[in-house]
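These notes are about the structure you will find just below.
As the structure lists them, so they are numbered: ligands from 1, and atoms in each ligand from 1.
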Amino acid sequence: ARGGPKVTTIDWTPLLAHLDRPSALWPKKIELDDVGLQFEGKPPLFAGLNLTIDSGDFILIQGPSGSGKSSLLRLLNRLQDPTTGDVLVDGASTAEGDITRLRRALAWVQQTPVVIDGSVADNLTWAFGFDIAKRKSPPDRETLRGWLDAVLMEDVALDDDASVLSVGQQQRLSIVRALLTGPTLLLCDEPTSALDDASREIVQDWLERVNIEKGIGVVMVTHLPFTPRRARVRRLLLEAGSLIEQQSERGAEA
Ligand code: ADP
Ligand code: MG
């Protein structure tokens with residue numbers, strides 16, 4: 001529908017109630033230490049990048065297409081190794097660290113949503129199959145229903161095949177699923193690029209909420225304009241091989 005749902009009418013309470021603050025807050029800090037990246041047969045993408053991300057930060061990385069935004073995000077959870085320099089978690093090199101633990105702590109949300117084969121309910125309860133979540137009992141159907149409604153998916157049934165949802169619905173589902181694994185930080189690569197305006201508003205609002213109310217960090221790459229409503233956002237510009245930190249800003253409704 002034109003105009004779409006108004007974000008201000010969304011009640012996030014059922015979902016927020018089910019999310020923990022990251023329990024064992026790890027890592028507290030991620031650093032790019034003089035990081036350079038060059039792909040074979042290509043000129044260096046960037047060199048000498050330095051950045052410190054604290055666990056509760058909301059960071060926006062913007063920059064032109066091809067500037068290396070996605071690569072930078074993949075460096076953080078070690079899907080990509082740096083050519084020079086190092087990526088540190090709490091001061092220790094990720095090269096020798098526990099990559100599985102790192103990737104769980106830094107949940108990756110891709111531009112094209114990834115849904116798990118199965119129903120919508122399967123996607124929502126996926127996290128509860130992990131060791132880390134086993135101490136928590138899986139949510140009942142009523143709770144799951146409440147979560148879907150919270151992200152404005154009233155017309156979606158729990159038993160619907162997740163692969164038939166619209167891209168916007170799949171993205172909302174994949175973000176909720178990622179959050180339920182209990183990450184310290186969400187790494188979001190253009191999470192709203194494939195979405196219509198209404199879904200984009202919902203996702204942005206949701207990311208700000210989990211950041212403010214649950215202390216979950218967000219590193220969001222986007223080429224789209226982003227005006228925070230509530231969160232304190234650190235803006236970084238990746239352009240021509242350098243990372244420029246701009247003034248942080250706080251949403252007007254904060
Ligand atoms: P952005 O997300 O800002 O558009 P990317 O990080 O996706 O930028 O890509 C930056 C550049 O690095 C592009 O020229 C891209 O083709 C190149 N690139 C990215 N990943 C690889 C790879 N695995 N191998 C070779 N080149 C790559
Ligand atoms: Mg990209």
Nearest-neighbour protein heavy atom for atom 7 (O) of ligand 1, which is reported as residue plus atom name and distance: Ser70 CB, 3.7 Å

Under 4.0 Å from any heavy atom of Gly68, which atoms of ligand 1 are there? 1 (P), 3 (O), 5 (P), 6 (O), 8 (O), 10 (C)

Just by distance, with hydrogens left out, do Asp189 and Ser70 show a side-chain donor and acceptor under 3.5 Å apart? yes

Under 2.8 Å from the Mg ion (ligand 2) - does any N, O or S atom of Ser70 fall there? yes

Do Leu195 and Val167 have side chains that approach each other closer than 4.5 Å (heavy atoms only, starting at C-beta)? yes

Heavy-atom closest contact (Gln62 atom, Pro225 atom, distance): NE2-CA, 4.2 Å

Which residue and atom name correspond to the protein heavy atom nearest atom 17 (C) of ligand 1, and how close is it? Lys42 NZ, 3.6 Å

Do Asp159 and Arg141 sit within salt-bridge range, that is, some charged N less than 4.0 Å from a carboxylate O? yes

Picking from Leu102, Leu88, Leu106, what satisfies side-chain contact (heavy atoms from CB on, under 4.5 Å) with Ile30? Leu106

heavy-atom search around atom 10 (C) of ligand 1 in the protein gives Gly66 O, 3.4 Å

Non-hydrogen atoms of Ser67 versus ligand 1: any pair closer than 4.0 Å? yes

Just which atoms of ligand 1 are under 4.0 Å from any heavy atom in Pro64? 3 (O)

Ser71 N/O to ligand 1 N/O under 3.5 Å: yes

May I ask you to check whether Arg78 and Thr94 show a side-chain donor-acceptor distance below 3.5 Å? yes

Would one find more than 12 heavy atoms of other residues, nucleotides or ligands at under 6.0 Å from atom CD of Glu154? yes

I want to know if ligand 1 touches Phe39 in the polar sense, i.e. an N/O pair below 3.5 angstrom. no

Where does Arg74 meet ligand 1, judged by heavy-atom distances below 4.0 Å: at the side chain, the backbone, both, or neither? side chain

Short version for Leu45: what comes under 4.0 Å of ligand 1, heavy atoms counted, is side chain

Quickly, which of Leu187, Leu76, Val114 forms a side-chain contact (heavy atoms from CB on, under 4.5 Å) with Trp108? Name it, please. Leu187

